[in-house]
Each structure stands twice: as C-alpha cells, then as structure tokens.
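See below for the structure under consideration.
Since the model is a prediction, treat every value here as computed from it, not as a measurement. A, B, ... follow the sequence lines: proteins, then strands. Residue 1 opens every chain.
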Protein chains: 2
Amino acid sequence: MTIYLVGIDGGGTSCRAAVAGPDGRILARGQSGPANILSDPDTALENIAGATRVAFNEAGLDPDGIASARAVLGVAGHNVGKAVHHVKQRLPFAEADIESDGLIALQGALGDKDGIVAILGTGTIYISRHREKVTYTGGWGFTVGDLGSGARIGHALLQESLLAYDGIHDVSPLISSVLTEFNNDPRELVEFARQAKPGAFGRYAPRVFEFGERGDAVAARLLKDAAISVDEALDLLVARGTKKICLLGGLGPFYPSWIASRHQELLAKPEGDALTGAVALALARFGRRQEAIA
Amino acid sequence: MTIYLVGIDGGGTSCRAAVAGPDGRILARGQSGPANILSDPDTALENIAGATRVAFNEAGLDPDGIASARAVLGVAGHNVGKAVHHVKQRLPFAEADIESDGLIALQGALGDKDGIVAILGTGTIYISRHREKVTYTGGWGFTVGDLGSGARIGHALLQESLLAYDGIHDVSPLISSVLTEFNNDPRELVEFARQAKPGAFGRYAPRVFEFGERGDAVAARLLKDAAISVDEALDLLVARGTKKICLLGGLGPFYPSWIASRHQELLAKPEGDALTGAVALALARFGRRQEAIA
C-alpha cells in the first residue's frame, strides 16, 4: 500500500491541500472553504477533509488512501493548545502535525536554507531561520501591532484624510479619492472606521501603493512610514546573520521599491509556496518512518 | 421674582451646575452623576436637575426658582439633533440653550476675546474664535483621530512595548514598567489592548509624561510625536490670526514644555472654567430679555 503525504494550508478564507507520493512529488492540489481552527474548528475540519478529497480526486487516487496518509498542516492560530488538540484528534489522516501558517510559508519559500520570510498582508509577521533555529517576530495583530500591514496602511490613510479635511495636512489626489468616497463627510468616514475590521482597512492598501507609484505625495509619505517599520524588523533579523529575504503575502509584490536598498539587495524569489512547504515538512517528518513501514 | 441664570457642564463622568444671580455672579455650584445626553438621555436629565438642585440648595435658594431659571448647557455630543431635542423638551428650566462642551470651555477660558482652546484629554479637540467666528478642529474620536490625546499616547506606549519585546525598538525604564505589568507576556498585553476603550489607553498617558520629564528616552520620543500633532493643529489655527492659546483638559498642564516654543510663547492661563463659561453665555443670551421681564 502506498502511503501518501498531504500538505494543508488552512486560512481564514480558504483551505488548500496537496497530495504527494512517498517521494514528496506533488501529484495534485485541491481547495475548499475556510479553515480557521480557532474560531470554527468543526468547519475547519470539514474543509481540511474536503480539500484533501478534491486533491486525491484530481490525482485519480482512491480516497481510502486519506486514512493512511501522513500530513502537515499550517494553520493560523496554531499555538492555542486546546483548539489544536480538538482538531488533531479528529483529522482524517493516520498521522499529522499542526504547525503555524508561517512555518510552512518559510519552508516553501526557503526550502531548508537560512533566511527571512516577511509575510506582508492584512497583518505582518516575520519568520526567520538561522542555523536551524526558527524565530517569529511581530504578528501581534492590528490593535497594537502589525506595523507596515495592509490594515495599518489603510488605517493611516483614513486618519490622514481626516487631517486633510481639517486643513492640518495637505490634500492629494489619493486623499481626494477617499474623501469623495465618503461624500466629503468626515462623520461617514469615522463611522466606517469605527465598524471596520482589519480586512476592511486593508482593502485600501493597494490603492495607496498604486497612487504612491504614480508619485502621490501623501501616498509616498504613508508608504515610507510603513516601509520604515518593515526595515526596522528586517534590520533586527539580518543582524543575526541571515542574508536572504523573501517578501510574501498580498503586499509582498508591492513592497520591494519602498524598503531600504540594504534590504532590496537581499531579496530573493521564494522557491515555492506554503503548500509546497507543508508537503516538504511532511516528507521530512514522515518520509523515513514510511520507508520503515514499507 | 428673581430670575436666576444656570450654567451646566455635562460630561460622561459627572454633571456640574452653577447658579448665578441676574448679574451673572455665581452664587453656588453643585455636582451630580454622569450626563451623557447621547448614550443615556434620561439619566442625563436626572443629573442635570440634580446638580442644579444641589447648587440652589448650596446658595440657600428656594428650588422653585429652577422652573423660572434660564440656562446654558455644555454637553458632549450636542450636535446630534434628536437627542438634543428630547433633552431640551424635558429640562426643568424656563428656557435653555444646549451647546457643545467645547463652546462653554472656550467661553470660560477666553471670555469674549479671540483665541484658541486646545482640549487635551482622553481625546483632543481644538476650538478657536477669531472675529466672532468659532471653528472646531479635530475631535473625531480615538479610532482614526484624536492625535496627541491621552488615549493615543497610551496606545502608542503599548505598541512600543511590543516592539521592544520583539527587540525591534529599545527598552527603557518606562517600557520595562509596562512589560512587568503584563508579566512580560505580550499575549496579555495584546488581549488587554483588544478589549481597551479609549479611557483605558488614556490612563497610561500621565505615566508617559512622568517618565518623559525624568528623561526616559522612549517616553520623550512618544511625547515629541504627540506634541508634533498638537503643534500642527495649532499652526493651522494660529495662521488664521489667533495669538492666544489655552491648553485645557487633563493633559493640558503636562503639555507646555513639549510643544514648540513658537506656541509656548502664546500660552495663556484660562480666565475661568467651563462652568463659568456656561453662566457667561446664559447672561449674554438671557440677561437682557430678563431685564425686560423684570
């Protein structure tokens, strides 16, 4: 009997799975709905199983193979003991490790090499590996953390729009576009912000980069501030000796021209995505044991 | 029959009242519980009447005089039409005007003169009078406004503490005091911040000033940033020709040494408090008509 390896990348909006042969070569991928093991573990379990079935089906494999498969899952909020335990007991696999989404992203981007992964999305977190030691930096969430994230950039944009409305700071085309959106009524803007979750702020971030690239002065100022916070985190990690940086997440492709040139020089293309990383970890952890079984 | 003048300063934590004779001279003051006409108009009405009764009692006046009194009330959130209407119909006075807490503070601090009042408390708002025109600047609340406020200073302190915990920014005695308070566990700090209302953040602000005055480097940096936002608002208002600045609110006494010297030179002691301002407005508005009645 072939024992398959499964990689899972479980996120708040979707769950992706990859099935690989015993050599770690990916045979097919599958996708399903959200898999947030903290806020909704039962739906997460359903979608983890669902995405895996899609992948097995895509690969033309008998789904009975899922029960003997070995898996590594990367999930947000993995370090909250109780939820992990609940999910781990109910997974459809013979054996599985639950890791952070950051770790599988690191593995996917860097393989077994040393380096830094900056995940720049709605939030920000930095994961670095230096001589086998993996360190997490940042990632404390929107309220008092995640500097440089899409949510913080969007928040700064709305704050800047109010300062411009009051005449304290300058207006720019970017600011005008925001004020127009709120019918030039600061109370509408404030009400939106009071209700907004990080994702709602974050949806403004691509617009800030778009205007920034066209030379909008306010956009450029907001992005320089955001980039400074990214550079400060990278300085800390680079000082430890890591000389390779991958920028991931939705804002990863936007950031290179804004960060300091000392970091631009260290940028590298990620080798693979998070799902590739999860499969690679499954191979490393369960591959040898599997040979023993075979 | 003497027609008395009443001034009311209604706030979220308490309601203060002053009763004055027809000449505007304050006879006595009284205090009662919260008077937030937006969130709880009926309790506000009770406490407005209550504080007025205490003042009449203190002055040795017959409380029947309340029904013929003329009043000016300064309240937070006065510009929300419906709540004002509801309260105005149910006040115990013969006639009353409801104004913003900012306007009575301005009147109290400056009398009839031109100038700027910066109310620096849990939030921040600037009110200026120039050639009889009163302008409000800022005051948009904690979420995307109130720069330089106690809530924003406290928020910045917690954010700075996380950056120091991660090793991205420097630790200082101030930062150590915060990290110790949260048992050096960033998750405790983040959880506190997620639940915190502006007032809970604001309670850290006096500590930042205290450490800043003793030369704590992080405190000084946070206060310089906060003072820049206050200076930027003052620059706008001073440019219009107003040459007198009163700093009010809980942080008013802390700020003078941190703002720019160009503004330090324009600082003036407030002539009176908000309650004095409310009585002065009542005299100006109802004094003449009262003479006609008498």
query: Hey, what do you get for OG1 (B/T122) to CG (B/L251), rounding to the nearest 0.5 Å?
result: 7.5 Å

- request: Report the distance from atom CZ of A/R129 to atom CD1 of A/I127, rounding to the nearest 0.5 Å.
  value: 10.5 Å

Proximal to chain A - members of residues 225-236 of chain B, heavy-atom separation under 4.5 Å: B/E232, B/A233, B/L236

message: Taking A/E191 first and then A/R194, would you say they form a salt bridge - that is, a charged N and a carboxylate O separated by under 4.0 Å?
response: yes

field: Electrostatic pair B/K243:B/E265 at N-O distance under 4.0 angstrom
entry: no

query: Between the side chains of B/Q264 and B/Y255, does any donor sit under 3.5 Å from an acceptor?
result: no

- prompt: Has the side chain of A/T180 got a donor or acceptor atom that lies under 3.5 Å from a matching backbone atom of A/S176?
  reply: yes

- prompt: For chain B, which residues from residues 150-171 of chain A lie under 4.5 Å away (heavy-atom distances)?
  reply: A/R152, A/H155, A/L158, A/Q159, A/L162, A/L163, A/Y165, A/D166, A/G167, A/I168, A/H169

- prompt: What about the rings of A/Y136 and A/Y126, do their centers lie closer together than 6.0 Å?
  reply: no

Stepwise side chain to side chain contact (heavy atoms under 4.5 Å, CB included) check, B/V178 with B/F182: CA-CA 7 Å; B/V178 173; B/F182 291 104; 4.0 Å; yes

- prompt: Just wondering, are more than 12 heavy atoms of other shown residues or ligands nearer than 6.0 Å to CZ in B/R203?
  reply: no

